[in-house]
Structures are given as structure tokens and as C-alpha cells.
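Working notes for the structure below.
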Amino acid sequence: MLKPWLEPRGGFSFENCERNASLERSLPELRVPNARKTGTTIAGLIFQDGVILGADTRATSDSVVADKNCEKIHFIAPKIYCCGAGVAADTEMTTRMAASNMELHALSTGREPRVATVTRVLRQTLFRYRGHVGASLLVGGVDVKGPQLYSVHPHGSYSRLPFAALGSGQDAAMAMLEDRFQPNMTLEEAQGLLVEAITAGILGDLGSGGSVNACVITRTATKLLQALSIPTEPIKRPGQYRFAPGTTPVLTQTVKPLTLELLEETVQAMEVE
């Protein structure tokens, strides 16, 4: 029995998921496409004065590098930021909706939003779609309860940790954090450890690359740091290749003229004051 047609609503829509599941049950020979691996390395840790978040800048589409300078650190509130790993469009829209809700929340209550409130909004949104929104998030910020760091997974589960890493390069980054993290680190020590963790993820994962971006959040200010490190700089060739004209001969040459037909011609006068 067909379900009645529903008017389109705002937000994400996954009406085709039930259809795909039904087709998979009724057609055993149907090959369902596998989920694509999304390459990213994001990490964060708490230091004595606040929270520092970091991410690489490479966005991939299967085995193709789609963007070499992708922003993965998203604004939520003046003292709360979020790093996103997974599907770039899902992380962008999910964090953008959370930022909008937090702004409305601050206007209605007259108070700055808390990190726990942002985490609750994000995990409830992700749990509602049962993992179909491919967004793994690291939420970090400073509020009345001090610096906090949360990791939120695509199905809605979350953890509050002193340091965390997510993405396809999380194994190498987490190994670096587990080995060298110490409580009450200074900003310089935390920044150096974060750069080493993201660099380890970049060098150990083909889906991660580009440069290392970071965001430092304290009680007094928030600072975005661009291109702290560039682990995968382009290789410079030691010499130049210079070939004399005629080194590669032209065997055949064909010139074919194109016949063009003018279909319509319009002239529009531009107003000049």
C-alpha cells in the first residue's frame, strides 16, 4: 500500500532509504553500493587555559582530491567551535543549524550557550537520522564550567574526554595523543602536540592531507590559526626539462572548419548616468 504524499519539510530527507531496503530484500541479485571512505583527521585536547582544536584541509571524493583547502573547523558560538569529519556537506549543514539554534537560544535566554547544550543538540539531531547523516564531530569550548571537549559520532553516541581524535587518520593521531598528552599543558605544548598528532594522521592516511589548521579557545578570546604546518609540501623538481623545437615530430595534421549558424541576435542598451 502506498503511503500518502507528504508536503516537503525543512531539514534532511531520507524517504529513499526504505525504498532501497525493500529493493534489497526483494532482489537478491541487486548490488548495493558500498559506503565511500571519507578522508579526514581531526583532533582536540584540553590545556590549562582552554581547548585547542585542529584539522587537516583535504577533502576527497573517493580516490580524487576534491579540495585542498577545505575548512573543517566550524563556528557554533563565540566560545564554542566544532571540527567535522565525514561527509563535508553533512558536517557543514549540521553545524550551521546548530549555530543558528544556539544563537536563538542565546537571544531568548540572555545567556551564553554551554558546551553541553551544543553537544546535546548535535547528538539528538544525529540520532534522529540513525547514522544516515555522515558527521563525526569534535565539540570544544569554554563556558562557566571551564574548558570541555566532546566527541559525537554519526549515530548519536558521545563521550567527554580530555583529548580525542576522529576521522580516517584517527589511529595515528590518537597514538600520538595517548603517548604525549599531559594534564595542565601550556598553550605552546598543546599546540605542538596537536600539530604532531594531525601530521601523523596526514602522513599515515592518504585521505588526509594539505595543511594543519587550529582553533584556540580560552575564557577571554578565540583565535583561528591557519596553516600551522604543511607536512605534504609539493616536491620541487631539481631541474627543468627543455626540449628543442621538433624533438617530437607531428605525423599528421587535420584542420576541419566548423559551420556556425546565427540563431538570434539581441542588442541591449545600457543606461549610463
Side-chain angles (χ1 to χ4, degrees), residues 40-58 69-85 91-92 94-96 98-99 102-103 106 112-119 122 135-152 158-167 169-170 172-202 208-231:
T40 291
T41 301
I42 58 176
L45 64 147
I46 296 176
F47 62 100
Q48 63 181 6
D49 296 326
V51 180
I52 182 170
L53 303 173
D56 69 312
T57 59
R58 174 178 292 181
N69 193 20
C70 179
E71 289 290 340
K72 301 179 182 180
I73 304 178
H74 308 283
F75 172 85
I76 301 293
K79 295 182 182 179
I80 303 174
Y81 278 74
C82 177
C83 291
T91 58
E92 178 72 26
T94 302
T95 54
R96 191 176 295 180
M102 288 303 100
E103 186 173 0
E112 294 183 357
R114 297 188 178 183
V115 185
T117 305
V118 175
T119 305
L122 290 173
S136 299
L137 307 173
L138 281 181
V139 184
V142 179
D143 56 16
V144 293
K145 293 188 176 181
Q148 301 172 54
L149 179 67
Y150 292 87
S151 64
V152 184
Y158 77 104
S159 302
R160 181 178 178 180
L161 302 166
F163 60 89
L166 291 175
Q170 67 175 348
M174 184 61 76
M176 189 69 65
L177 292 172
E178 289 179 347
D179 181 54
R180 302 187 181 182
F181 175 81
Q182 295 179 357
N184 298 323
M185 299 177 68
T186 63
L187 175 58
E188 291 76 13
E189 295 173 346
Q191 182 174 319
L193 177 57
L194 181 72
V195 171
E196 292 183 3
I198 300 296
T199 301
I202 290 175
S208 304
S211 58
V212 179
N213 293 345
C215 178
V216 181
I217 307 171
T218 61
R219 291 184 178 274
T220 57
T222 300
K223 187 176 181 181
L224 289 172
L225 305 174
Q226 300 288 337
L228 283 177
S229 174
I230 306 177

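Computed from a predicted structure; not experimentally measured. Atoms considered below: every heavy atom in the structure, side chains included; atoms not considered: hydrogens, waters and symmetry mates.
Ring geometry for Phe163 against Phe181 counts as tilted: the plane angle lies between 30° and 60°, on a 0 to 90° scale.
Pairing each heavy atom of Ser208 with each of Gly201, the nearest pair is CB-O, 4.0 Å. Considering all non-hydrogen atoms of both residues, Ala55 and Ile42 come closest at CB-CG2, 3.6 Å. Considering every non-hydrogen atom in both Ala164 and Leu177, the closest pair reads O-CD1, 3.7 Å. The two residues Ala200 and Met176 come nearest to each other via the heavy atoms CB-CE, 4.1 Å. Minimum interatomic distance between Val51 and Pro147 (heavy atoms only, all atoms of both residues): CG2-CB, 3.6 Å. Summarising the geometry of Ile230 relative to Ser211, their closest heavy-atom pair is CG1-CB, 3.9 Å, with the distance given to 0.1 Å.
By the 6.0 Å contact criterion, CD on Glu92 is enclosed, its count of non-hydrogen atoms from other residues, nucleotides or ligands being greater than 12. Around CD of Gln48, the count of heavy atoms belonging to other residues, nucleotides or ligands within 6.0 Å exceeds 12.
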Problem set entry | Steps toward side chain to side chain donor-acceptor pair (under 3.5 Å) verdict (Lys72, Thr57) | CA-CA 7 Å; Lys72 301 179 182 180; Thr57 59; over 6 Å; no
For this session: Evaluate side chain to side chain contact (heavy atoms under 4.5 Å, CB included) for Leu166 paired with Thr40, printing each intermediate quantity in order.
Result: CA-CA 8 Å; Leu166 291 175; Thr40 291; over 6 Å; no
For this session: Before giving the answer on side chain to side chain contact (heavy atoms under 4.5 Å, CB included), spell out for Val139 and Ile76 the whole-Å C-alpha distance, their side-chain angles and the decisive distance to 0.1 Å.
Result: CA-CA 9 Å; Val139 184; Ile76 301 293; 5.8 Å; no
Exercise. Given the rule in the side chain to side chain contact (heavy atoms under 4.5 Å, CB included) test, do Tyr150 and Leu137 qualify, once you have shown the distances and angles that lead to the verdict?
Worked result: CA-CA 8 Å; Tyr150 292 87; Leu137 307 173; over 6 Å; no
Exercise. Between Met185 and Leu45, does a side chain to side chain contact (heavy atoms under 4.5 Å, CB included) hold up when you go through it step by step?
Worked result: CA-CA 10 Å; Met185 299 177 68; Leu45 64 147; 4.1 Å; yes
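Distance check, rounded to the nearest 0.5 Å: NZ of Lys79 to OG1 of Thr220 gives 7.5 Å. Taken to the nearest 0.5 Å, the CD1 atom of Ile73 stands 6.0 Å off from the SG atom of Cys215. Here OG of Ser151 is found 6.5 Å from CG of Leu138. Values are rounded to the nearest 0.5 Å. With values rounded to the nearest 0.5 angstrom, Leu228 atom CG is found 5.0 Å from Leu225 atom CG. Interatomic distance, OG of Ser229 versus CD1 of Ile202, reported as 7.0 Å (0.5 Å rounding). Here CZ of Arg96 is found 9.5 Å from NE2 of His74. Values are rounded to the nearest 0.5 Å.
The side-chain contact (heavy atoms from CB on, under 4.5 Å) test with Phe47 is passed by exactly one of Leu194, Asn184, Thr218: Thr218. For the side-chain hydrogen bond (donor to acceptor under 3.5 Å, both in side chains) criterion with Asp143, the lone passing option out of Arg219, Gln148, Arg114 is Gln148.
Contact check for Tyr158 versus Leu122: no side-chain heavy atoms found under the 4.5 Å cut-off. Residues Val212 and Thr199 have side chains in contact (heavy-atom distance under 4.5 Å, counting atoms from C-beta outward). Contact annotation: the side chain of Thr117 approaches that of Met102 to within less than 4.5 Å [non-hydrogen atoms, C-beta and beyond].
In this structure a side-chain-to-backbone donor-acceptor pair under 3.5 Å is missing from Thr95 to Phe75. Distance alone, capped at 3.5 Å, places no donor-acceptor pair between the Asn213 side chain and the Gln226 backbone.
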